[in-house]
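Heads up, the thing below is written out as structure tokens.
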Amino acid sequence: MADDKKLVEEITPMEEDFTQWYTDVCIKAELVSYSSIRGCTVFRPLGYAIWENIRNELDMRFKQTGVENVYLPMFIPESLLDKEKEHVEGFAPEVAWVTEGGLNKLPERMCVRPTSETLFCDFYKDIVHSYRDLPKVYNQWCSVVRWEKNTRPFLRTREFLWQEGHTVHATAEEAEERTVQMLDLYADFCEQILAIPVIKGKKTDKEKFAGAEATYTIEALMHDGHALQSATSHNFGDGFARAFGIQYTSKDNKLEYVHQTSWGFTTRTIGAMIMVHGDNSGLVLPPRIAPVQVVIVPIRQNKEGVLDKAHEIAEKLGAFSVKVDDSDKSPGWKFAEHEMKGVPLRIEIGPKDIENNKCVAVRRDTREKYDISLDEVDAEVAKILEQMQNDMFDRARKHRDEHTYTAKDYEEFKEIINTKPGFVKAMWCGDQACEDKIKADTTATSRCMPFKQEHISDVCVCCGRPAKHMVFWGKAY
RNA sequence: CGAGGUGUGGCUAAGUUUGGUAUAGCGCUGCGUUCGGGACGCAGAGGUCGCAGGUUCAAAUCCUGUCACCUCGACCA
């Protein structure tokens, strides 16, 4: 009983206080630490390793679609940021400015990039001249700074890591194709690797990116029923091209403006992963993204042969990322520790097992135990991890579906949004006034107009006028 | 920026009302015994009580000022 008490003291149960649970997991699983820089966190090895795995997998997928990586400066002169009106208005409230260099005041202040559209545009205007120069499909991995007032680990920090892809194309069709292609790529990645089911759709004008013609998004539902935008892909049309003068000569010798896109995926999605899969013992990592997939805990490790056997098993599991925990902590301590850190599979090996030529494997998500013969440990582990990955996705999808409701009229809408955490599907007339009213009345926002439209009713859930779109609504992070 | 709250070893706190040797638990170091769900014994290390003034024989404690951080709102990946 005393042991149980200690366990619950470590992490606040999510039923009690989801926000506190989330913070506890981030800190106690050693994903991040608060730093002495307000609003910025330190990525500790586990947190950064997750990001590295995300980056490696995404980068590989990008490159398969023709993406090339570049790196642009982190400073943007004010005059450059000012060139696209909507864009600068969208970002102005949250940029950090550099006003001095060395001992001298700068002639023009520069911001630390909050996003790099303007820099890419400034660059593209110099290197794009002919239709032969197109398309350019560039991406950069970097950090950006947005001077947020309220911050939370992963979800909102003043500096965060991301990738930002910026492309230029000859035609509007090609740009649109790329925008959707990258959204699909993000969605597949989230579902296959992070085991997070997502809704693909288009943002309303109110919610779209500052300066974009259209913004596409993938939206996920967290365990507490809040929505989280997990990646976005924007089609800029030729708006930025006109502001920055990015023109090329076409095959028939006409001067044309390029069409552009940008798309981004951030460390925020690590927060999504925590909030979709985690439980009261801590983090639960999908096997395909876990930095350590299998941890081997020797029992009575000082006894002759036990550690050797543990390392022997690790060697047999060479196809996976395996760690033998031979620290001098007690086995019980190790169990709790690795559960907190979300290691998908634990293998226990002790003298009794060695006698029987077996080991015990325990799944992190269900705590299901398996007796595995040492002769087929690699095949069995592969099977369990595969099953776990699939089960995690299925569970998350089931949770989302069970927390997705439909509303036909405003009373029903308000009732659901205020009492049942989750998505609400409802029709919308297309007028921003209704979005504003809904937000004022309920704090819910339009998450997206899903590609898979459904007909729920003929009229807008808010004003009763003829409906144009079915919208996913929800309270968002 | 608006409203609340908190600053005492690495962490969590007690002590502040009523001034009088700086406390506890966890963690950390060493040695030994343990080991199938957060083990135990013994011995140690570690703090100018957020900062600056002031009152006093004496300040973590009282007074003045200041800084930092947290939570909740409005804004946002």
Side-chain angles (χ1 to χ4, degrees), chain A residues 1-11 17 19-20 23-24 27-28 33-40 89-95 114-115 143-152 154-164 186 203 206-210 215 217-220 227-234 262-272 281-282 297-303 306-307 325-341 346-356 358-362 367 369 371 439-440 443 445 476-477:
Chain A
M1 273 322 266
D3 292 347
D4 289 352
K5 188 158 178 279
K6 184 153 194 186
L7 273 174
V8 294
E9 272 172 3
E10 287 288 341
I11 299 174
D17 183 345
T19 303
Q20 192 59 50
T23 310
D24 284 354
I27 300 301
K28 291 184 173 141
S33 278
Y34 289 109
S35 71
S36 47
I37 296 91
R38 180 173 151 71
C40 298
E89 281 172 3
F91 280 99
E94 51 184 4
V95 293
T115 177
S143 74
V144 288
V145 169
R146 299 183 187 175
W147 215 250
E148 304 289 352
K149 287 167 182 145
N150 261 2
T151 58
R152 298 185 59 197
F154 297 117
L155 301 177
R156 190 167 299 109
T157 48
R158 286 183 169 175
E159 181 187 10
F160 59 91
L161 300 171
W162 78 348
Q163 62 62 220
E164 48 178 330
Y186 288 142
K203 285 285 190 189
K206 176 182 164 71
E207 299 286 331
K208 78 179 181 188
F209 182 81
T215 290
T217 178
I218 49 175
E219 297 286 327
L228 189 78
Q229 176 179 312
S230 300
T232 48
S233 185
H234 317 289
S262 83
W263 22 275
F265 189 102
T266 81
T267 39
R268 166 181 258 195
T269 308
I270 296 175
S281 300
V297 177
I299 310 295
R300 298 199 54 195
Q301 64 187 31
N302 293 335
K303 197 169 182 291
V306 171
L307 267 184
D325 186 347
D326 58 1
S327 68
D328 61 2
K329 299 285 188 183
S330 72
W333 191 92
K334 293 176 187 176
F335 296 167
E337 175 72 4
H338 296 297
E339 282 175 7
M340 186 141 66
K341 292 191 171 175
R346 172 177 84 236
I347 289 179
E348 301 170 20
I349 178 79
K352 280 186 267 173
D353 296 313
I354 294 172
E355 266 175 44
N356 298 310
K358 71 163 186 81
C359 62
V360 177
V362 186
R367 287 198 170 76
K369 288 197 176 184
D371 270 337
K439 186 169 184 193
T443 76
T445 52
Y477 273 100

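Numbers restart at 1 for each chain; the letters A, B, ... are given by sequence-line order, proteins then strands.
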[M] and [N], which share atom name [atom1], separated by this distance in whole Å:
N	M	atom1	value
A74(B)	G47(B)	P	45 Å
A24(B)	G65(B)	P	36 Å
G20(B)	U12(B)	P	26 Å
U48(B)	G9(B)	P	9 Å
C62(B)	G15(B)	C1'	16 Å
G50(B)	C31(B)	C1'	39 Å
C69(B)	U23(B)	P	32 Å
G7(B)	A45(B)	P	29 Å

key: Contact under 4.0 Å: K28(A) side-chain N or O vs U12(B) OP1/OP2   =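 It does not, given that no N or O in the side chain of K28(A) lies less than 4.0 Å from OP1 or OP2 of U12(B).
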message = With a 4.0 Å cutoff (strictly under), does any side-chain N or O of R300(A) reach OP1 or OP2 of C35(B)?
response =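 For C35(B), OP1 or OP2 has a side-chain N or O of R300(A) closer than 4.0 Å.
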[X] [atom1] to [N] [atom2], straight-line distance once rounded to whole Å:
X	N	atom1	atom2	result
D325(A)	G36(B)	CG	C1'	15 Å
I27(A)	U12(B)	CD1	P	11 Å
D328(A)	U33(B)	CG	P	13 Å
K203(A)	C76(B)	NZ	C1'	12 Å
D24(A)	C11(B)	CG	P	16 Å
Y477(A)	A77(B)	OH	C1'	15 Å
K149(A)	C75(B)	NZ	P	10 Å
Y186(A)	A77(B)	OH	P	14 Å

key: Pairing of E337(A) and R346(A) as salt bridge, 4.0 angstrom limit   =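 A salt bridge is absent here (no side-chain N lies under 4.0 Å from a carboxylate O).
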inquiry  = On RNA chain B, does the nearest nucleotide to T23(A) precede the nearest nucleotide to E148(A) from the 5' side, or the other way round? Give the residue.
reply    =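 Nearest nucleotide further toward 5': that of T23(A).
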task = Map G90(A) and T19(A) onto RNA chain B by nearest heavy atom, then report which one ends up closer to the 5' terminus.
result =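 With G90(A) and T19(A) compared, the 5'-side residue is T19(A).
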ask   = Got a sec: does the NZ of K206(A) have more than 12 other heavy atoms crowding it under 6.0 Å?
value =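 Yes - once you tally the heavy atoms of other residues, nucleotides and ligands closer than 6.0 Å, there are more than 12.
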Indicate, with a heavy-atom threshold strictly under 4.0 Å, whether [X] touches base, sugar-phosphate, or nothing.
X	result
F91(A)	nothing
S281(A)	nothing
V360(A)	base
L228(A)	nothing
D353(A)	base
P331(A)	base
Q229(A)	sugar-phosphate
K352(A)	base

ask   = Is there a donor on the side chain of R346(A) or the base of G36(B) sitting less than 3.5 Å from an acceptor on the other?
value =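 Check fails, no donor-acceptor contact within cut-off.
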key: Under 3.5 Å donor-acceptor, S233(A) side chain and A231(A) backbone   =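 It does not hold such a pair.
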query = Would you say E94(A)'s side chain and E148(A)'s backbone share a donor-acceptor pair under 3.5 angstrom?
reply =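 Looks like no, no N/O pair under 3.5 Å.
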request  = Return the minimal non-hydrogen interatomic distance between Q301(A) and D325(A), and the atom names on each side.
outcome  =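 Looking at all heavy atoms of both residues, the shortest contact is OE1-O, 3.9 Å.
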request  = Please name the pair of heavy atoms, one in L161(A) and one in S143(A), separated by the smallest distance, quoted to 0.1 Å.
outcome  =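 The answer is CD2-CB, 3.8 Å.
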task = Tell me which nucleotide among A77(B), A39(B), C75(B) gets nearest to the side chain of W333(A).
result =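 Closest of the options to the side chain of W333(A): A39(B).
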message = What's the closest nucleotide to the side chain of S330(A) if the choices are G73(B), G37(B), A39(B)?
response =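 Per side-chain heavy atoms of S330(A), the pick is A39(B).
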inquiry  = What does the 5'-to-3' dot-bracket notation of RNA chain B look like when only Watson-Crick and G-U wobble pairs under 3.5 Å count, and pairs to other strands show as |?
reply    = ((((((((.[[[[.)....(..]]]].((((((.....)))))).....[[[[[..)....]]]]])))))))....
